[in-house]
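These notes concern the structure reproduced below.
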Amino acid sequence: MAEQVDVVVIGMGPGGEHVAGRLAEAGLDVVGVEAELVGGECPYWGCVPSKMMIRAGNLLAEARRVPGMAGSVQQVVPDWAPVAARIRDEATDDWNDQVAADRFTGKGGRLVRGRGRLAGPHRVVVEGGEGGGREFEARLGVVLATGSRPQIPPVPGLADVPYWTNRDAVSAKEPPRSLLVLGGGAIGLEVAQVYARFGTRVTVVEAMDRLVPGEEPEAAALLAGVLGGEGLTLRTGARATGVRHGGDAFALTLEDGTELTGDQLLVATGRRADLSALGLETVGLDPGGRALRTDGRMQAAPGLWGVGDVTGHGAFTHVAMYEAEVAIRSVLGEPGPKADYRALPRVTFTDPEVGAVGLTEHQAREKGLRVRTGLSRVPSSARGWIHKAGNEGLVKLVEDADRGVLVGATAAGPTGGEVMYGLAVAVQAEVPVETLRHMIFAYPTFHRGVEDALADLRTSETRPDTPGDQGS
């Protein structure tokens with residue numbers, strides 16, 4: 001006999017936990033189903049612990065920048081032990097979710113351990129775990145928030161070797177002597193730079209012709225220059241054709257016949273949602289899709305909502321939390337704006353940081369927009385000149401020339417993710433570029449580089465409107 005409840009939330013990552021907690025606080029009878037840890041990937045293996053690693057690596061880099069700027073440093077001695085301890089003790093409670101579980105149940109929700117699966121409209125069955133065999137009927141409906149998993153490429157031999165994913169890289173007790181990183185996107189580069197700063201010999205292999213292929217080519221070139229200068233080996237346009245593991249070493253073979261070796265292999269080739277085990281076919285939806293298609297109220301079918309990675313709008317905690325708020329209003333029947341992804345922000349937390357919002361130049365051109373771009377370089381700004389060591393960066397603006405508003409922007413450099421905030425407001429609110437030009441930009445700040453990029457945007461009116469990099 002199915003238990004009668006108001007709402008079942010399958011997946012208690014950031015988005016799912018937020019939905020479940022808020023609905024429970026609203027007085028609904030809410031069941032949250034989770035097979036792993038309440039809180040999801042972000043607090044245990046993603047955003048939080050990885051940024052602790054990055055903070056530690058940045059401190060080492062800053063110490064190495066002291067000579068010629070503030071004195072001398074006799075020796076910088078990396079020590080991974082305090083990093084691992086901080087992740088274990090402060091971020092993850094040794095990968096124990098009791099605090100998060102109590103937070104949810106303290107709001108009036110009920111937590112069921114196991115894997116949730118749809119068994120028809122408004123119905124959920126739980127498999128495995130302590131809750132295995134239980135069945136629920138949700139009066140208002142079900143929220144799917146099952147996240148994503150590492151996307152593992154079909155490289156011959158890869159399935160047979162003990163490669164790392166982000167989880168292994170974050171929970172490592174000590175850095176490897178050498179590391180091969182398969183994938184030059186955000187996760188791969190963040191981890192690669194951290195370990196390199198702690199003394200690991202790092203090689204990054206990216207199949208596309210440049211790093212961070214989803215970002216602007218100027219940002220990719222900037223990162224390539226910085227990372228190469230820090231001693232990382234970067235192989236772009238390089239496809240892996242085979243992997244072996246013998247003894248204590250990995251061997252990665254590339255398409256051109258080159259063989260790379262390392263003590264560890266990190267696979268960081270993206271993430272994707274897996275819809276196949278969610279029982280979508282029982283409600284008339286395709287279980288083989290890459291993402292759950294939702295409307296502006298996050299509804300995928302009557303009585304079924306989706307939030308977070310599963311919707312395909314970006315594997316970011318901030319997207320999950322944003323969609324959670326929209327779904328909460330939808331479930332409760334409250335008014336409010338529909339989901340709007342025009343100004344979706346993202347940050348690659350390398351040093352320099354790469355913050356971006358909205359469309360790249362190439363994406364804007366693909367949409368048929370008449371595009372103008374403006375570019376400024378951080379070292380050429382007053383603050384960049386003052387900052388000196390570690391001042392690599394840029395600001396790039398992408399304008400819809402017909403409407404006179406920004407549709408995308410990138411801020412790379414020290415605090416690039418913070419500089420990007422003002423640009424995100426401009427894109428979201430469709431602030432006219434002419435209005436931005438007449439703002440007062442505080443001096444000397446990194447964000448004043450936006451003013452320089454706006455000046456370059458004006459001069460682009462006289463430049464040929466040529467297509468941007470087609471690999472972006």
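These numbers come from a predicted model, not from an experiment.
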Are any of the side-chain heavy atoms of Glu206 and Arg210 separated by less than 4.5 Å?
no

What is the distance from atom CD of Gln299 to atom OG1 of Thr294, rounded to the nearest 0.5 Å?
10.0 Å

side-chain contact (heavy atoms from CB on, under 4.5 Å), paired with Asp97, selected from Asp102, Val38, Thr92
Val38

Donor-acceptor pair between His362 and Thr360 side chains, under 3.5 angstrom
no

Check whether the side chains of Ser171 and Trp95 place a donor and an acceptor atom closer than 3.5 Å, and report yes or no.
no

What's the shortest heavy-atom distance between Gly184 and Val204, and which atoms?
CA-CG1, 3.9 Å

Any ring pair (Phe, Tyr, Trp, His ring centres under 6.0 Å) pairs touching residues 205-224, not counting sequence neighbours?
none

Is any side-chain heavy atom of Thr415 closer than 4.5 Å to a side-chain heavy atom of Tyr421?
no

With distance as the sole criterion, is a donor-acceptor pair present between the side chains of Thr311 and Glu323 under 3.5 Å?
yes

Rounded at 0.5 Å granularity, tell me how far CD in Glu218 sits from CD in Glu361.
6.5 Å

Asp340 and Tyr322, any side-chain heavy atoms less than 4.5 Å apart:
yes

What distance do Tyr195 atom OH and Glu174 atom CD have between them, rounded to the nearest 0.5 Å?
9.5 Å

Report the distance from atom CD of Gln428 to atom CG of Leu423, rounding to the nearest 0.5 Å.
13.5 Å

Please check this pair: side chain of Arg201 against backbone of Ala196, looking for a donor-acceptor N/O pair closer than 3.5 Å.
no

Glu392 side-chain N/O to Leu222 backbone N/O, donor-acceptor pair under 3.5 Å
no

Does any non-hydrogen side-chain atom of Met53 lie less than 4.5 Å from one of Glu190?
no

Do any N or O atoms from the side chain of Trp164 and from the backbone of Leu179 form a donor-acceptor pair under 3.5 angstrom?
no

If we only count heavy atoms from C-beta on, is the Arg272 to Asp274 side-chain gap below 4.5 Å?
no

Is the side chain of Arg271 donor-acceptor paired with the backbone N or O of Gly147 at a distance under 3.5 Å, no angle test?
no

After noting the C-alpha distance and the side-chain angles of Arg235 and Asp256, does the key distance pass the side-chain contact (heavy atoms from CB on, under 4.5 Å) rule?
CA-CA 11 Å; Arg235 298 291 302 265; Asp256 64 2; 3.2 Å; yes

Taking Tyr44 for its side chain and Arg167 for its backbone only, find out whether a donor-acceptor pair lies under 3.5 Å.
no

Show every donor-acceptor pair shorter than 3.5 Å between a side-chain atom in residues 281-292 and any protein atom, with sequence neighbours excluded, or say none if there are none.
from: Thr282; atom 1: OG1; to: Gly120; atom 2: N; distance (Å): 3.0
from: Thr282; atom 1: OG1; to: Gly279; atom 2: O; distance (Å): 2.6
from: Asp286; atom 1: OD1; to: Gly288; atom 2: N; distance (Å): 2.8

Whether Asn166 side chain and Ala268 backbone form a donor-acceptor pair below 3.5 Å
no

Can you tell which of Arg65, Lys51, Arg64 makes a salt bridge (Lys or Arg N to Asp or Glu O under 4.0 Å) with Asp351?
Arg65

What about the rings of His387 and Phe446, do their centers lie closer together than 6.0 Å?
yes

Salt-bridged, Lys396 to Glu215, with N to O below 4.0 Å?
no

Under 4.5 Å between any side-chain heavy atoms of Leu359 and Lys367, yes or no?
yes

Main-chain N/O of Gly358 paired to Arg346 side chain as donor or acceptor, under 3.5 Å:
yes

Polar side-chain atom of Gln264 near backbone of Pro176 as donor-acceptor pair, under 3.5 Å:
no

Pairs in or reaching into residues 247-298: which pass ring pair (Phe, Tyr, Trp, His ring centres under 6.0 Å), with residues at least two apart or in two chains?
His245-Phe250

Greater than 12 external heavy atoms within 6.0 Å of Asp248's CG
no

So, Ser376 side chain and Gly449 main chain: donor-acceptor pair closer than 3.5 Å or not?
yes

For Glu137, is there any backbone N or O sitting under 3.5 Å from a side-chain donor or acceptor partner on His122?
no

Could you pull out the closest heavy-atom pair between Arg117 and Ile10, with the gap in Å?
N-CD1, 4.1 Å

Heavy-atom count around Arg342 CZ within 6.0 Å, excluding the residue itself: above 12?
yes

Full working for side-chain contact (heavy atoms from CB on, under 4.5 Å) between Asp263 and Thr200
CA-CA 10 Å; Asp263 292 335; Thr200 300; over 6 Å; no

